[in-house]
Participant: 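Quick one: the structure is below, and I'll ask about it shortly.
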Amino acid sequence: LMKDGVRRGTTLVRPADLHMPVLNVIAEKDHIVPKECSQALQELMGTNLETQVLPVGHIGLSVGGGAFSKVWKNVLKWLVEHDATMEGAA
């Protein structure tokens, strides 16, 4: 992803090619994917990327005890706020 992009069918897509809002959710206490690695996406995306650094670990992003209150409430709020801007973007 960081060097050459990702293939979607026969099309090569690079982060800079995305012209829609993108949410980058980072686990502050992640020991598997250090937050510095996730933050590197900012350089490739520019202004279309919003980053949320949350006080959880790798597993806590999805299924930990605080996943809903610390992660998913924020993600759902962001999705609702950006719903109109993402129509037809897929």
Side-chain angles (χ1 to χ4, degrees):
L1 173 69
M2 300 302 273
K3 289 183 179 184
D4 300 320
V6 173
R7 288 222 170 264
R8 184 175 183 214
T10 59
T11 304
L12 179 63
V13 179
R14 293 181 177 89
D17 297 334
L18 300 175
H19 302 288
M20 66 190 79
V22 174
L23 177 62
N24 186 18
V25 179
I26 299 174
E28 186 175 44
K29 302 172 187 174
D30 197 328
H31 293 82
I32 297 170
V33 181
K35 67 179 178 179
E36 295 78 17
C37 293
S38 297
Q39 288 171 326
L41 189 58
Q42 182 69 46
E43 296 172 23
L44 299 174
M45 291 290 304
T47 59
N48 290 330
L49 179 73
E50 180 179 330
T51 299
Q52 293 183 7
V53 180
L54 303 171
V56 295
H58 190 83
I59 302 301
L61 275 177
S62 56
V63 296
F68 181 74
S69 63
K70 294 177 182 173
V71 180
W72 293 109
K73 284 173 91 173
N74 292 326
V75 171
L76 290 171
K77 180 180 178 213
W78 187 90
L79 288 170
V80 168
E81 290 171 355
H82 293 82
D83 182 49
T85 60
M86 295 194 319
E87 279 189 34

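All of these numbers come straight from a predicted model, not from anything done at the bench.
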Participant: Do you reckon L79 sits in the same ILVMFWY cluster as V25, going by side-chain contacts under 4.5 Å, direct or chained?
Facilitator: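 Yes, L79 and V25 fall within the same hydrophobic cluster.
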Participant: Through direct or indirect side-chain contacts below 4.5 angstrom among Ile, Leu, Val, Met, Phe, Trp and Tyr, which residues connect to V33?
Facilitator: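 Members other than V33 - counting any ILVMFWY side chain reachable under 4.5 Å - are I32.
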Participant: Would you name the heavy atoms of G5 and L12 that are closest together and state the gap between them?
Facilitator: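 Closest pair (atom of G5, atom of L12, distance): C-CD1, 4.0 Å.
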Participant: Between atom NZ of K29 and atom CG of L54, what is the distance when rounded to the nearest 0.5 Å?
Facilitator: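 Reported value, rounded in 0.5 Å steps: 11.0 Å.
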Participant: So if you build clusters from Ile, Leu, Val, Met, Phe, Trp, Tyr with side-chain heavy-atom gaps below 4.5 Å, do L41 and V53 land together?
Facilitator: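 No, L41 does not connect to V53 through the hydrophobic network.
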Participant: Which atom pair, heavy atoms only, marks the closest approach of A27 to G57?
Facilitator: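 Residues A27 and G57, closest heavy atoms: CB-O, 3.4 Å.
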Participant: Give a yes or no answer on whether the side chain of H19 reaches the backbone of D17 with a donor-acceptor pair at less than 3.5 Å.
Facilitator: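 Yes: the side chain of H19 pairs with the backbone of D17.
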Participant: Residues two or more places apart in sequence or in another chain: which of them pass side chain to side chain donor-acceptor pair (under 3.5 Å) with E28?
Facilitator: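 Residues passing side chain to side chain donor-acceptor pair (under 3.5 Å) with E28: none at all.
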Participant: By the rule that ILVMFWY residues connect when side-chain heavy atoms come within less than 4.5 angstrom, directly or transitively, which residues belong alongside V63?
Facilitator: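 Same cluster as V63: I59.
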Participant: Would you kindly confirm whether L49 and V13 end up in one hydrophobic cluster when ILVMFWY residues are joined by side chain heavy atoms under 4.5 Å apart?
Facilitator: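 Yes: a chain of side-chain contacts under 4.5 Å links L49 to V13.
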Participant: Is it true that W78 and Q52 share a donor-acceptor pair across their side chains at a distance under 3.5 Å?
Facilitator: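 On atom types as modelled, these side chains do not qualify, holding no pair under 3.5 Å.
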Participant: Just grab all the side chain to side chain donor-acceptor pair (under 3.5 Å) pairs involving residues 58-71, residues at least two apart or on different chains.
Facilitator: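 Those involving residues 58-71 are D30-H58.
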Participant: May I have all residue pairs that pass side chain to side chain donor-acceptor pair (under 3.5 Å) and include part of residues 34-46, sequence neighbours excluded?
Facilitator: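 Applying side chain to side chain donor-acceptor pair (under 3.5 Å) to every pair that reaches into residues 34-46, excluding sequence neighbours, yields nothing.
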Participant: With hydrophobic residues grouped by side-chain heavy-atom distances under 4.5 Å, do V56 and L23 end up in a single group?
Facilitator: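 Hydrophobic grouping puts V56 with L23.
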Participant: Closest heavy-atom contact between W72 and L61?
Facilitator: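 Closest pair (atom of W72, atom of L61, distance): NE1-O, 3.3 Å.
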